[in-house]
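The sequence lines fix the lettering, A, B, ..., with proteins before strands; numbering per chain opens at 1. Given the structure is predicted, the values throughout are model-derived calculations rather than measurements.
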Number of protein chains: 2
Amino acid sequence: MSDENRKPAATIRDVARVAQVSMTTVSHALSAKRPVSPETAERIQAAIEHLGYVPSSAARSLHAGKSLMLGLVVPDVSDPFFGRLAASVERAADEADYGVVLGSSSGASTREARYFNLLRSRSIDGLIYVAGAPRYDDRLSRLARRHPIVLADEWVEGLDGIPLAAADHEQGGRLAAEHLAALGHRDVAVITGPRGLRSADERVAGFRSVFPDARVVDGDFTEEVAYHRTAKLLGRGGAPTAIFASNDLSAFGVLDAARDHGLVVPRDLSVVGFDDVPLAQRVSPPLTTVRQPIDEIGRLATATLFEVIAGRDPGELERCPVELVVRESTAPSARTD
Amino acid sequence: MSDENRKPAATIRDVARVAQVSMTTVSHALSAKRPVSPETAERIQAAIEHLGYVPSSAARSLHAGKSLMLGLVVPDVSDPFFGRLAASVERAADEADYGVVLGSSSGASTREARYFNLLRSRSIDGLIYVAGAPRYDDRLSRLARRHPIVLADEWVEGLDGIPLAAADHEQGGRLAAEHLAALGHRDVAVITGPRGLRSADERVAGFRSVFPDARVVDGDFTEEVAYHRTAKLLGRGGAPTAIFASNDLSAFGVLDAARDHGLVVPRDLSVVGFDDVPLAQRVSPPLTTVRQPIDEIGRLATATLFEVIAGRDPGELERCPVELVVRESTAPSARTD
DNA sequence: GCTACGCCGCAAAAGGCTTTGCGCGATTTC
DNA sequence: GAAATCGCGCAAAGCCTTTTGCGGCGTAGC
């Protein structure tokens, strides 16, 4: 559509003229800050619809000092996990008449700087920050002192005063362990996530609170490393009867390694994952895993951000309860000890 | 962080006071619309950094009449396809110093109305609209007459004057067909998408341009329906040697149905999908499919939107070329005719 | 000593909305 | 018939930037 089709947008003054009232009355009809007679209100309404009038958001936020926009920075929107998180944040924001400005940091700090400036320029009233790694970020911590920020999903070093909305990873590890214990498993192993990643450490800690003697295998959340470490573990004598992988990707590596060693899951080896990615129910056998309440995390993060924006201190947030999804990769231990 | 920690944001007037110059000079130092001596510029710069000053976006857009924000409405961000599209749009926008306001319509027309109002209130300078269904939308077409809008991925009925950035679905159907033809297949079937969905129809049309006699089975892009229709097809005598499913989800249904009929893919039946979803390379056997250039579509949509915003008519857009990804679900036809 | 020119201040306008104190006319109330 | 009430107009201030014409000051050039 070329320029000649674009009329200058209608202003409140245009509405006033058409409705034969003053700008003051139009404004008050919209905000209900002063009573307006039904007849007048109707005339104004008609004028608004006739002109297709919508108040200028720029003028509004200039006056009100807020933009009705939230920022959401995730490592990568194309990852289904963050996609679902974005969807739930957007839904929660929408209910409060807020919009969401999306940003993929993908680790690029120049990109992140842009979103921080959105906050400073009051383009957004608050920020939900989902860190890709728990590295300490000086700018983020300075920013958080002056602006409403909440963390979601992953903790960031040095930002302890800032609310964190996340799943109860420790409970997840515990649920996985209790499930295996109930199936009679005694000799179990756990594959960790990257060193220092808080969520990963919590999962392992939860698991070990039930199985203090579990064998600990270093992983990094990738399928490849999980595969090789598992292969090595199974190669030695006295293989465990169950393995808890601290994310689904690693569990897939375990599944592949088990198959390549001639083991049948779950007959010879039980496997539990974490995350419940879409793939989990499609691999064979379908993976028993721990599901994170993504929607709940997004909702909590958004609600908390509104609290912070309103100037209230939400305090330390409770972790969102996770859920064990039992599928077909776990079975009673065959070993009789 | 509670209120007492939040100082009112610095204004250009504060910068002027600290740098001991007039507001005029500060503004000109930032915009370079009038020469400023190096020493003064340095003082101003120092003041800006000291105060952490960033110009108010609201005041800026009120004056400039643009918001430096784009809108992106997709049916569902948590779908990896739309997630990737969002990521590429966001990247392209970022390069032009634009932000992206994300919206999931999920078919709810009340949600969509909000995004349309963002356009009207000039919260966003333009909109990239990804339709979930090609239904005619009166509001959208009226809106498009007055505001910069481009369509991405899916065509919408009645909006023919509006630029559409999409993959070359027809070419995709043709590539799939040519691949099967080269493998010696003669007796083939195609599973369609929902009736009336333009992209789906184009895929089928492309396929049939090579195989005019292909059997056409009605599908709706879901796994379940594809499963049942395929089961029925294989149950009758004279089953085809290859099936083209017009999306990957349907192809998964075909794969399951084939397995349940004792057929080995690709020995007894070749299967080609469309989309190349992440799952496609993980099913067994890994699926031969047509990959859409999602990044390219997002980039094109964004670049085109900038054209429209600038008041230029981009004309009809070329379709983005697709790519055949050959994996293990296709093999030479076993039937010797 | 006069002209240029470079740098910058001043003041005002514009962009669109919200808010408020004051006041006026018309209707209701006892 | 005086008082209270209601609906609304008027005018101005404020939110923060950008832009511009005019003019002042100082330094360099002839």
side-chain hydrogen bond (donor to acceptor under 3.5 Å, both in side chains) involving A:S37 - partner list, sequence neighbours excluded: A:E39, A:T40

Rounded to the nearest angstrom, tell me the gap between atom CG in A:D14 and atom P in C:dG15. 12 Å

May I have all residue pairs that pass salt bridge (Lys or Arg N to Asp or Glu O under 4.0 Å) and include part of residues 90-102 of chain A, sequence neighbours excluded? A:E90-B:R111, A:D94-B:R111, A:D94-B:R114, A:D97-B:R114

Classify every nucleotide of nucleotides 16-25 of chain D by which part a protein heavy atom approaches to under 4.0 Å, writing B for the base, S for the sugar-phosphate alone and - for neither, in 5'-to-3' order. BBBBBBB---

For A:S57, which residues count as a side-chain hydrogen bond (donor to acceptor under 3.5 Å, both in side chains) partner, sequence neighbours excluded? B:S123

Partner of B:V15 under side-chain contact (heavy atoms from CB on, under 4.5 Å), chosen from B:L51, B:T25, B:V21: B:L51

May I have all residue pairs that pass salt bridge (Lys or Arg N to Asp or Glu O under 4.0 Å) and include part of residues 12-24 of chain B, sequence neighbours excluded? B:D14-B:R17

side-chain hydrogen bond (donor to acceptor under 3.5 Å, both in side chains) involving B:T302 - partner list, sequence neighbours excluded: none

Those residues at least two apart in sequence (or on a different chain) that pass side-chain contact (heavy atoms from CB on, under 4.5 Å) with B:A59 are A:L62, B:S56

Which pairs with one or both residues in residues 296-306 of chain B pass salt bridge (Lys or Arg N to Asp or Glu O under 4.0 Å), sequence neighbours excluded? B:E296-B:R299

Under the side-chain hydrogen bond (donor to acceptor under 3.5 Å, both in side chains) rule, collect the residues that match up with B:Y98, sequence neighbours excluded. B:D125

So what is the 5' to 3' dot-bracket string for DNA chain D, if pairs are Watson-Crick or G-U wobble with both distances under 3.5 Å, crossing pairs use [ ] and | means the partner sits on another strand? ||||||||||||||||||||||||||||||

Mind running a 4.0 Å heavy-atom check of residues 36-45 of chain A against DNA chain C and sending the residues that fall below it, in number order? none

Tell me which donor-acceptor pairs under 3.5 Å the side chains of residues 75-86 of chain B have, and how far apart each pair is, sequence neighbours excluded?
unit_1: B:D76; atom_1: OD1; unit_2: B:S78; atom_2: N; d: 3.0
unit_1: B:D76; atom_1: OD1; unit_2: B:S78; atom_2: OG; d: 2.7
unit_1: B:D76; atom_1: OD2; unit_2: B:S78; atom_2: OG; d: 3.1
unit_1: B:D79; atom_1: OD1; unit_2: B:F81; atom_2: N; d: 2.8

